[in-house]
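Some notes on the structure that comes next.
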Amino acid sequence: MAKIRFEELIYITAKENTLNMSDVEIVVDGLVQDLYEDAFDDEFGSEFSETTYQASPRKKLRDIVGLFERDDLQIFGTADEYHNVAVNYARQNLYDGACRILQRGRRAIPYSVDILADLIKYGISGGQYEVGEESYHVLSGISRECWNWRAFSFSIDYLIAKADQVEAETERSELKKQALALADQFIAKENADQAYFDKSTILRAFGNDDLNNQTEESVLQLGLKQVKAAPKCALRLADILFEKGEYQRVIANLWQCCTNVFKPQPDINGNYAFLLLALSKASQIFAEQRDNYADAEQSILSVYRDFHTAMDSGLNGIFNKTAKVALKVIETQTGIEYPYRDVGGDDIYEA
């Protein structure tokens, strides 16, 4: 069965005065895929004009948002469908569109935990703090037994973001107290990687919990102890340890992160994990301050393999540049040539 296209969606909506979220989800998925293809084409210097924009996937995504503002239009859909569509908008940084779609969803399903949680997240991300605040207060009136990880995690994000808007230390202390209480409820309910990671984020934002003698690092370590697979805690702890120069501990923590890439939906950026692994191994080797690296060739090649894994899978700009600069230094210092060509055929000397 052929999938519905944007033009068909607009035609059916105009003719029947109804909109099915299942159709919207299919069309938006397709437009997002078209966006990725357009971004690839732009690398080759294609022209972009007003005419091009009118036919672009991004323009069509904004046109779809307009449908949700029509009071005369009947919209049928589940909370999951509203959530899935909003996620696609947010991934394109179209937070205003995500919020407008979700707000229409709230009219139909006013106490959906997922819709309220998403409104908190995307309201904050898009600078619409009033949307996040109002949704947080509604969500707070719903029993914690009904909350899922998004409700806990995004509510904590809201409290941290709100702290940046208040000056009085008493207000900040109260927000910290509320956030820690939510984190402890989250841990008690799910005992999950995300729960410990969120609690560590609170302590990074507000400072240590002196009352309970907890720090960001101690909470991350507790998460690794209590949860069998905790890649978010492991990666954040690796960052902290790397800054301290504790490279062997970094390497031990990162193996859990690197294996996370084999999940259908990884919890972390595996490319960054391999980059940090390579940088840690290289730092450990160079900390020995040797003049001759002939006997370290296998170790250097192992470092190169980790860099290649990170770069060939696709690193963001600044991290890709960091990797290339590091590789230049290693080649120059050791005389051992980097044996790979990464995605796009870039030479490491083109940083």
Can you tell me how far CG of Leu254 sits from CG of Leu276, rounded to the nearest 0.5 angstrom? 5.0 Å

Once the angle between the rings of Phe242 and Tyr247 is folded into 0 to 90°, is it parallel (under 30°), tilted (30 to 60°) or perpendicular (over 60°)? perpendicular

Do the side chains of Val24 and Ile10 join up, straight or via other hydrophobic residues, at under 4.5 Å, putting them in one cluster? yes

Do Val85 and Met21 come within less than 4.5 Å of each other through their side chains, counting heavy atoms only? yes

Check step by step if ring pair (Phe, Tyr, Trp, His ring centres under 6.0 Å) holds for Tyr340 and Tyr304. CA-CA 8 Å; Tyr340 304 102; Tyr304 283 162; 7.6 Å; no

Heavy-atom distance under 4.5 Å between the side chains of Tyr82 and Ile75, does that happen here? yes

Which distance, rounded to the nearest 0.5 Å, do you find between the CD of Glu216 and the CD1 of Ile240? 3.5 Å

Sequence neighbours left out, what passes ring-ring contact (aromatic ring centres under 6.0 Å, His included) with Phe206? Give chain and number order. none

I'd like to check Ile156 versus Ile202 (side-chain heavy atoms, cut-off strictly below 4.5 Å). Are they in contact? yes

Spell out, yes or no, whether Phe197 and Leu182 are grouped together once hydrophobic residues are joined by side-chain heavy atoms under 4.5 Å, including indirect joins. no

What's the shortest heavy-atom distance between Leu277 and Ile251, and which atoms? CD1-CG2, 3.9 Å

Please evaluate residues Tyr293 and Phe286 with respect to the criterion ring pair (Phe, Tyr, Trp, His ring centres under 6.0 Å), reporting the C-alpha separation (whole Å), side-chain torsions for both, the decisive distance (0.1 Å), and the verdict. CA-CA 10 Å; Tyr293 291 90; Phe286 279 88; 5.3 Å; yes

Do Leu327 and Met311 touch side chain to side chain, with heavy atoms closer than 4.5 Å? yes

Which atom names give the shortest non-hydrogen contact between Pro231 and Asp267, and what distance separates them? CG-OD2, 3.8 Å

Please give me the minimum heavy-atom distance between Val138 and Pro110, naming the atom from each residue. CG1-O, 4.5 Å

If you measure from the Lys or Arg side-chain nitrogens to the Asp or Glu carboxylate oxygens, is any gap between Lys199 and Asp209 under 4.0 Å? no

When every non-hydrogen atom of Ser155 is compared with those of Leu139, the smallest separation belongs to OG-CD2, 3.6 Å

Tell me whether Asn20 contacts the main-chain N or O of Asp23 through its side chain, where contact means a donor paired with an acceptor under 3.5 Å. no

Same hydrophobic cluster for Val329 and Ile318, using side-chain heavy-atom links shorter than 4.5 Å among ILVMFWY? no

Would Asp96 and Arg62 count as a salt bridge (charged side-chain N to carboxylate O under 4.0 Å, His left out) if you check the C-alpha gap in whole Å, the side-chain angles of each, and the deciding distance to 0.1 Å? CA-CA 10 Å; Asp96 60 329; Arg62 291 197 176 279; 3.4 Å; yes

Checking the side chain of Asn271 only, and the main-chain atoms of Gly314 only, is there a donor and an acceptor separated by less than 3.5 Å? yes

For a side-chain hydrogen bond (donor to acceptor under 3.5 Å, both in side chains) check, start with the C-alpha distance between Tyr196 and Asn191, then their side-chain angles and the critical distance, and finish with the verdict. CA-CA 8 Å; Tyr196 288 98; Asn191 193 46; 2.7 Å; yes

Expected output: side-chain Asp312 to main-chain His308 donor-acceptor under 3.5 Å: no

Report the C-alpha separation of Leu180 and Leu203 in whole Å, then their side-chain angles, then the decisive distance to 0.1 Å, and conclude whether the side-chain contact (heavy atoms from CB on, under 4.5 Å) test is met. CA-CA 9 Å; Leu180 286 172; Leu203 299 178; 4.0 Å; yes

Where Ala86 and Ala98 come nearest, the two heavy atoms and their spacing: O-CB, 3.6 Å

Could you tell me whether the side chains of Ser299 and Lys281 share a donor-acceptor contact shorter than 3.5 Å? no

Near Asn213 CG, under 6.0 Å, is it more than 12 heavy atoms from other residues, nucleotides or ligands? no

Is there a side-chain contact between Tyr129 and Lys162 (heavy atoms, below 4.5 Å)? no

Mark yes or no for whether Arg104, through its side chain, and Phe68, through its backbone, hold a donor-acceptor pair below 3.5 Å. yes

Would you please say whether a donor-acceptor pair under 3.5 Å links the side chains of Ser153 and Asp198? yes

Examine Val113 and Tyr111 and state if one hydrophobic cluster contains both, with Ile, Leu, Val, Met, Phe, Trp and Tyr joined whenever side-chain heavy atoms are less than 4.5 Å apart. yes

State the OG1-CD1 distance between Thr201 and Ile160, to the nearest 0.5 angstrom. 6.0 Å

Please answer whether the main-chain N or O of Gln214 pairs with a side-chain N or O of Asn212 as donor and acceptor at a distance below 3.5 Å. no

Reported NZ-to-CG distance for the pair Lys321 and Leu315, which is rounded to 0.5 angstrom: 14.5 Å

Are any side-chain N or O atoms of Glu331 and backbone N or O atoms of Tyr338, one a donor and one an acceptor, separated by less than 3.5 Å? yes

Closer than 4.0 angstrom, basic N to acidic O: yes or no for Lys244 and Glu217? yes

Check: Asn316 main-chain N/O paired with Asn320 side-chain donor or acceptor under 3.5 Å: no

So, for Phe6 and Val27, which heavy atoms are closest and what is the spacing to 0.1 Å? CA-CG1, 3.7 Å

Would Ile187 and Gln226 satisfy side-chain contact (heavy atoms from CB on, under 4.5 Å), going step by step from the backbone distance to the final call? CA-CA 10 Å; Ile187 289 170; Gln226 297 295 331; over 6 Å; no

Taking the side chain as every heavy atom from C-beta outward, state whether Asn269 and Leu235 have any pair of such atoms under 4.5 Å apart. no

Of all pairs that satisfy side-chain hydrogen bond (donor to acceptor under 3.5 Å, both in side chains), the ones with a partner from residues 135-149, not counting sequence neighbours: Asp114-Asn148, Arg144-Gln185

Pick from Arg5, Lys60, Lys59: which one makes a side chain to side chain contact (heavy atoms under 4.5 Å, CB included) with Leu31? Lys60

More than 12 non-hydrogen atoms from neighbouring residues, nucleotides or ligands closer than 6.0 Å to CG on Asp29, yes or no? yes

Can you tell me how far apart CG (Leu241) and OG (Ser280) are? Round to the nearest 0.5 Å. 9.0 Å

Give a yes or no on whether the backbone of Tyr122 and the side-chain of Ser125 come within a donor-acceptor separation of less than 3.5 Å. no

I need the full list of side-chain hydrogen bond (donor to acceptor under 3.5 Å, both in side chains) pairs touching residues 164-174, with sequence neighbours left out, sorted by first then second residue. Glu174-Gln178

When you compare the side chain of Arg91 with that of Val32, does any pair of heavy atoms fall below 4.5 Å? no

Counting N and O atoms only, with roles assigned by atom type, does the side chain of Asp193 sit under 3.5 Å from a partner on the main chain of Cys233, one being a donor and the other an acceptor? yes

d(Leu237 CG, Lys232 NZ) to nearest 0.5 Å is 15.5 Å

Look only at the side chain of Lys225 and the backbone of Leu220, and say whether a donor-acceptor pair between them is shorter than 3.5 Å. no

Do Leu279 and Val303 have side chains that approach each other closer than 4.5 Å (heavy atoms only, starting at C-beta)? no

Ile124, Phe154: one ILVMFWY side-chain cluster at the under-4.5 Å cut-off? yes

Taking the basic N atoms (NZ, or NE/NH1/NH2) and the acidic carboxylate oxygens, is any pair closer than 4.0 Å for Asp71 and Arg107? yes

Report the C-alpha separation of Ile12 and Ile4 in whole Å, then their side-chain angles, then the decisive distance to 0.1 Å, and conclude whether the side-chain contact (heavy atoms from CB on, under 4.5 Å) test is met. CA-CA 10 Å; Ile12 293 170; Ile4 186 170; 3.9 Å; yes

